[in-house]
Amino acid sequence: MSINVSLGALSLRNPTILASGILGTTASSLIRVYKSGAGAVVSKSISINPNEGYKTPVLIDLGYGYINSMGLPNPGLDEMIVEFKVVKSKKVKLFGSIFASDIDEFKYLASKLTDYVDALELNLSCPTKMGVGLEIGKIPWMVEETTREVYKKSKVPVIVKLPPLVTLIDELTLAAEDGGASAVTLTNTAKAMKIDVFSKKPILQGVYGGLSGKALKPLSLACVFKAYEVLSIPIIGCGGIYSWEDAVEYILAGAKAIQIGSAIVSEGLGIFKKICIGIKKYLEENNIDKINDLVGLAHRR
Ligand SMILES: Cc1cc2nc3c(=O)[nH]c(=O)nc-3n(C[C@H](O)[C@H](O)[C@H](O)COP(=O)(O)O)c2cc1C
């Protein structure tokens with residue numbers, strides 16, 4: 001029973017991938033996650049210069065998911081290249097996540113990182129100078145243009161990660177495909193908030209944060225299902241995956257691989273192997289030879 005998957009030119013030993021932002025800033029943690037069984041690991045999103053992020057509280061545990069407002073803290077490009085060299089020396093399948101506020105910055109990051117990673121993942125959930133403060137990932141022409149310019153600078157496949165905007169997701173993913181993306185990751189967190197009834201104020205300094213975990217799953221799953229109907233490139237599902245059943249749901253909706261973030265907090269690093277074992281067993285019980293034959297099955301009536 002084979003569970004290796006190919007995402008265009010990329011081949012992974014299994015479909016489970018570490019999502020960006022969780023254990024992704026140091027070589028030792030990225031290597032540890034890969035050794036624990038992930039098919040690939042995505043780094044924390046990197047900017048050109050070091051970024052300190054926001055003041056606490058940066059993470060709210062809702063019980064049914066998390067709202068985070070980290071502000072994309074990272075040590076910056078130069079320091080991450082040092083870490084990536086170590087990760088690559090261990091033959092780890094590594095995706096470098098990048099974020100920037102305009103196309104020139106994205107191009108610069110891509111050209112500097114392309115030699116040290118197996119793929120670039122564009123985190124487009126950041127305010128842009130082009131759209132004066134609007135998020136790139138919400139506007140199809142910006143998604144297409146940013147993807148195209150990064151694609152021109154990159155020697156490795158470009159993956160575009162988008163927000164869980166179910167009503168717009170077909171346009172956004174098609175824009176990424178038209179720009180030259182090899183795959184899309186669906187999805188990033190959803191804009192969300194929490195109010196403290198005692199202080200009568202929003203809890204997070206920046207008011208809004210990103211919803212992840214169990215509460216996000218139905219939204220991200222709907223994005224995968226909808227995008228699968230229009231796209232030719234592979235989809236990586238992401239959002240609230242805690243078990244093999246969650247992973248199989250995403251695959252049935254149309255994902256070829258899946259990313260895991262929040263679940264690591266409660267399930268630990270054993271989750272990658274556990275999900276792979278569950279998928280293999282499911283394939284066996286359903287007499288399906290290859291994971292590929294499962295992709296998108298929920299669409300056939
Ligand atoms: C604490 C935290 C930090 C995150 N940082 C990033 C990041 O730097 N870049 C990014 O593209 N996504 C980031 N994300 C989003 C995750 O990669 C993922 O898309 C999202 O959390 C949904 O998956 P999950 O429900 O499995 O966590 C972060 C999520 C969390 C919870």
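Both ligands and their constituent atoms are indexed starting at 1 by order of listing.
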Pair L109-L77, side chain to side chain contact (heavy atoms under 4.5 Å, CB included): steps then yes or no: CA-CA 7 Å; L109 282 161; L77 177 64; 3.9 Å; yes
Among protein heavy atoms, which lies nearest [atom], and at what distance?
atom: atom 15 (C) of ligand 1; value: N188 OD1, 3.5 Å
atom: atom 5 (N) of ligand 1; value: K44 NZ, 3.0 Å
atom: atom 3 (C) of ligand 1; value: G21 O, 3.7 Å
atom: atom 21 (O) of ligand 1; value: S212 CB, 3.2 Å
atom: atom 9 (N) of ligand 1; value: S45 OG, 2.6 Å
atom: atom 12 (N) of ligand 1; value: K161 NZ, 3.0 Å
atom: atom 29 (C) of ligand 1; value: N68 ND2, 3.6 Å

Could you check F95 against L120 for side chain to side chain contact (heavy atoms under 4.5 Å, CB included), going step by step and ending with a plain yes or no? CA-CA 5 Å; F95 301 174; L120 286 168; over 6 Å; no
Relative to the heavy atoms of [X], which atoms of ligand 1 are at a distance of less than 4.0 Å?
X: L72; value: 7 (C), 8 (O)
X: T189; value: 15 (C), 20 (C), 21 (O)
X: C238; value: 18 (C), 19 (O), 22 (C), 23 (O)
X: G239; value: 22 (C), 23 (O), 25 (O)
X: L216; value: 22 (C)
X: G240; value: 24 (P), 25 (O), 26 (O)
X: G261; value: 26 (O), 27 (O)
X: S262; value: 24 (P), 25 (O), 26 (O), 27 (O)

Carboxylate-amine/guanidinium contact K280 E284, below 4.0 Å: no
Within-cut-off N or O pair, G213 and ligand 1, under 3.5 Å: yes
Using distance alone, determine whether S20 and ligand 1 share an N or O pair under 3.5 Å. yes
Result for side-chain hydrogen bond (donor to acceptor under 3.5 Å, both in side chains) between N188 and one of S45, S20, S212, S125 points to S125
Cation-pi geometry met for K191 and Y208 (6.0 Å, 45°): yes
On the ring face of Y34, is K93 found with NZ or CZ under 6.0 Å from the centre and within 45° of the axis? no
Kindly indicate, with the supporting measurements, whether the criterion salt bridge (Lys or Arg N to Asp or Glu O under 4.0 Å) is fulfilled by E149 and K153. CA-CA 7 Å; E149 293 305 318; K153 290 281 168 195; over 6 Å; no
Positive for side chain to side chain contact (heavy atoms under 4.5 Å, CB included) with L12, one of L7, I236, D118: L7
How are the rings of H299 and F225 set to each other: parallel, tilted or perpendicular (split at 30° and 60°)? parallel
Atom CD of E83 and atom CD1 of I46: how far apart are they, to the nearest 0.5 Å? 10.0 Å
Among the heavy atoms of V58, does any lie under 4.0 Å from an atom of ligand 1? no
Side-chain heavy-atom pair L219, L211 within 4.5 angstrom cut-off: no
Can you check side chain to side chain contact (heavy atoms under 4.5 Å, CB included) on F106 and S101, steps first, answer last? CA-CA 8 Å; F106 265 111; S101 63; over 6 Å; no
Of the backbone atoms (N, CA, C, O) and the side-chain heavy atoms from C-beta on, which set of N123 has a member under 4.0 Å from an atom of ligand 1: side chain, backbone, both, or neither? side chain
